[in-house]
Amino acid sequence: MASVSSGLASNLSSFSNTNFLSSADLNNRQILSLFELAKQLKIGNRRIDLGNRVLGLIFKKASTRTRVSFQVAMARLGGQTVDLNPQVTQLGRGEPIKDTARVLSRYCDALAIRTFSQQEVEEYSRWSSIPVINALTDLEHPCQALADYLTIQEKFGKLKGINLSYIGDGNNVANSLMICGAILGVNVKICSPNGFEADPNIVEKAKSLSEFGSEVSICNDPSKAVKGSQVIYTDVWASMGQEEELLKRKEIFKKYKVDQGLLDLADEQVILLHCLPAHRGEEITEEALEGRNSYVFNQAENRLHIQQALLAVQLGGL
Ligand code: CP
Ligand code: NVA
């Protein structure tokens, strides 16, 4: 146990006091070590007390899982969170990020930020002297991808060579799945309607980070995409901020609904993942979401364990 712990600590030491803005910020060894720590925390084999540390939450978009899992993770680490909702701070009245970030760095020990542009979290990180965590932007959702691959590793006992097919919008969740999957040796296919494919720059970035020969690809035909897949993943057709496009998107995406028929075309052990919240009857059917292949609530639970591990490392608790 002692040597496992010291191995983890040395693999993760370089991530102490650093930002987590993109799935590309962690390498293969660091992610696998975080998974080990998350699993130890999950089964109660390990307790980490950070001692009264404070995580500031700046959320410009709604959240259930991310917000609550960060709050509970900090409580379990002996710390707490403060809600820095832009509607009640001076941020909402136009105080610049460069001032806000420097002030908050004097009060808090880390910041988790959910907003629209990736540039905004990057700007916070430039002006903060404390770690900044991307809690979802329009470009990436890196905490989600960690929980997703932890769930897959728990189910299959491995990640290398697993085939994951994401069916739907080439959005923030798809982007982080591609990058994190490539680093972990997972073959990731993103299957979207024409015009809604994943950002080509992110596809190239993911390919450039590929380990163990993992493949990242883009396609348009869901029934072909899922052949041989051990994981089928979907997300909403209109992300937060795109609500007014939903009606138009419902028509364009209707062949991209994940139902039991699609799951039956995949590997016989296939699991179904969805970051949630789910829109039943749109990207996913009730039957699929509640069916035997669904791992979505294990996946949601893992948000807590992996974020607890991440915070423990970033705040120097190992
Ligand atoms: N999956 C996810 O990030 O959920 P929330 O929007 O509820 O945080
Ligand atoms: N793509 C979704 C994910 C929500 C967790 C959104 O950005 O709204």
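For ligands, and for the atoms within them, numbers begin at 1 and follow the listed sequence. Just so it is clear, the structure is predicted and the values come from calculations on it, not from any experiment.
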Do the charged groups of [X] and [Y] touch, with an N to O distance under 4.0 Å?
{"X": "K60", "Y": "E120", "value": "yes"}
{"X": "K248", "Y": "E251", "value": "no"}
{"X": "E287", "Y": "R280", "value": "no"}

Considering only heavy atoms, which protein residues lie less than 4.0 Å from any atom of ligand 1?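 Only S63, T64, R65, T66, R114, H141, Q144, C275, L276, R303 have heavy atoms that fall under 4.0 Å of ligand 1, ordered by chain and number.
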
Got a sec: does the CD1 of I43 have more than 12 other heavy atoms crowding it under 6.0 Å? yes

More than 12 heavy atoms of other groups within 6.0 Å of F156 CZ: yes

For the residue pair K61 and F116, would you count it as a cation-pi contact if the rule is NZ or CZ under 6.0 angstrom from the ring centre and within 45 degrees of the ring axis? yes

S69 and Q307: side chain donor to acceptor below 3.5 Å: yes

With no hydrogens and no angle check, just 3.5 Å: does a side-chain donor-acceptor pair link T285 and D259? no

N/O donor-acceptor pair under 3.5 Å between D235 side chain and V173 backbone: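 Pair absent, no side-chain N/O of D235 close to backbone of V173.
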
Give the protein residues with at least one non-hydrogen atom closer than 4.0 Å to an atom of ligand 2, ordered by chain and number.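 For ligand 2, the residues that come within the 4.0 Å heavy-atom cutoff are L136, N171, N172, V173, D235, V236, S239, M240, L276.
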
